[in-house]
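Right, one structure below, let's go through it.
Small disclaimer: the values here were computed from a predicted structure and weren't measured. Order of listing sets the numbers, starting from 1, for every ligand and every atom in it. Because only heavy atoms are used, hydrogens play no part in the values below, and waters and symmetry mates are left out as well, while side chains stay in.
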Amino acid sequence: MKIVFATNNKNKLDEIREILGHGFEIMSLKDIGCTADIPETGNTLDENALLKAQYVFDNYGVSCFADDTGLEVDALNGDPGVHSARYAEGTDHNSEANMAKLLHELGENNNRRARFRTVIALIIKDEQAANGSRVLFFEGEIKGHIAREKHGNEGFGYDPLFIPEGYEKSFAELGMDVKNKISHRSRAVLKLSEYLKSNNLHI
Ligand code: IMP
């Protein structure tokens, strides 16, 4: 069984292929000839992940999954959350601007608790099911706190500001090896992997 991951992000594809191992053939959007910029207009991570997976399923008729991630900060009532990529006004994936805004919004607040949360929506082709498919969600999270300034150069997004629980360094200082073992995304991917394997959906 081949399965499409609705992304062209090489880091995510590498990470997922490593976790899923040899029994799976993971294809990217590019691999199936999909060049669309799938709109992420949902109000929640679940909605956005499902929008992306549903687009691929409806247009290409293949089993697929998609993810959406947000950084949820307690003192900001869960912001930036689903808006993490475009937190700073008029930007898209501009990490420097997003981090500057986050530090500004938090100011001197001593409550800096936060978590990263990833939701994966999986759509499996299933002729027996009512709509010809089965939809499942898998979630992973990591708790931590927001530093008062940026630390480290590795990773991406908000990594220089996020210090995971039990560590004194940011994700950007800890590096990919440590991050990939404990991250929100790897925890969600692990649950996806367990589901696919226990349902004999590997090739
Ligand atoms: P996406 O859903 O993976 O595209 O993530 C949305 C936004 O959340 C990204 O643009 C990043 O700003 C942020 N983000 C997602 N995952 C991470 C991560 O592992 N570290 C830091 N920031 C992340």
Side-chain angles (χ1 to χ4, degrees), residues 5-16 18-19 26 28-29 36-56 64-73 76 78-106 112 114-122 137-147 149-165 167 169-190 192:
F5 183 12
T7 188
N8 279 323
N9 181 319
K10 193 179 173 313
N11 290 328
K12 289 187 183 180
L13 284 161
D14 287 349
E15 182 183 310
I16 221 144
E18 194 180 314
I19 292 174
I26 306 295
S28 67
L29 288 177
D37 188 14
I38 306 169
E40 296 184 32
T41 50
N43 293 317
T44 62
L45 299 177
D46 292 50
E47 277 177 32
N48 274 344
L50 186 57
L51 271 175
K52 287 185 269 187
Q54 197 72 54
Y55 181 93
V56 172
C64 59
F65 60 91
D67 73 328
D68 202 32
T69 295
L71 173 65
E72 300 173 338
V73 180
L76 303 177
D79 276 349
V82 72
H83 308 292
S84 292
R86 297 171 192 84
Y87 189 40
E89 215 106 313
T91 68
D92 189 4
H93 292 274
N94 182 337
S95 301
E96 289 304 322
N98 287 337
M99 285 191 288
K101 174 160 182 186
L102 177 58
L103 286 177
H104 176 75
E105 294 293 331
L106 267 180
R112 308 186 78 84
R115 64 176 177 166
F116 272 115
R117 201 160 63 85
T118 292
V119 173
I120 294 175
L122 169 70
F137 290 92
F138 305 91
E139 194 178 311
E141 71 163 40
I142 179 152
K143 295 191 170 104
H145 70 272
I146 304 298
E149 55 190 44
K150 294 183 285 174
H151 300 277
N153 302 309
E154 288 200 52
F156 70 100
Y158 298 87
D159 279 350
L161 288 180
F162 186 80
I163 302 184
E165 215 168 64
Y167 294 80
K169 291 181 173 175
S170 74
F171 264 164
E173 290 177 297
L174 289 168
M176 293 316 279
D177 282 354
V178 176
K179 183 184 168 190
N180 284 345
K181 286 199 180 85
I182 61 171
S183 84
H184 41 301
R185 200 165 16 256
S186 64
R187 287 174 177 172
V189 169
L190 221 77
L192 168 74

- Message: For A85, is there any backbone N or O sitting under 3.5 Å from a side-chain donor or acceptor partner on N98?
- Response: yes

- Note on the structure: The side-chain hydrogen bond (donor to acceptor under 3.5 Å, both in side chains) partners of T44 (sequence neighbours excluded) come to none

Any carboxylate oxygen within less than 4.0 angstrom of a Lys/Arg side-chain nitrogen, looking at [X] and [Y]?
{"X": "K150", "Y": "E96", "value": "yes"}
{"X": "D14", "Y": "K10", "value": "yes"}
{"X": "R187", "Y": "E141", "value": "no"}

What are the atom names and distances for all N or O pairs under 3.5 Å between ligand 1 and the protein?
| unit_1 | atom_1 | unit_2 | atom_2 | d |
| --- | --- | --- | --- | --- |
| ligand 1 | 2 (O) | D68 | OD1 | 3.0 |
| ligand 1 | 2 (O) | T69 | N | 2.9 |
| ligand 1 | 3 (O) | K12 | NZ | 2.7 |
| ligand 1 | 10 (O) | H93 | ND1 | 2.9 |
| ligand 1 | 16 (N) | R185 | NH1 | 3.3 |
| ligand 1 | 19 (O) | K179 | NZ | 2.7 |
| ligand 1 | 19 (O) | H184 | NE2 | 3.0 |
| ligand 1 | 19 (O) | R185 | NH2 | 3.0 |
| ligand 1 | 20 (N) | D159 | OD1 | 2.6 |
| ligand 1 | 20 (N) | K179 | NZ | 3.4 |
| ligand 1 | 22 (N) | Y158 | N | 3.1 |

- Nearest heavy atoms of P164 and K169, plus distance in Å: CD-O, 3.4 Å

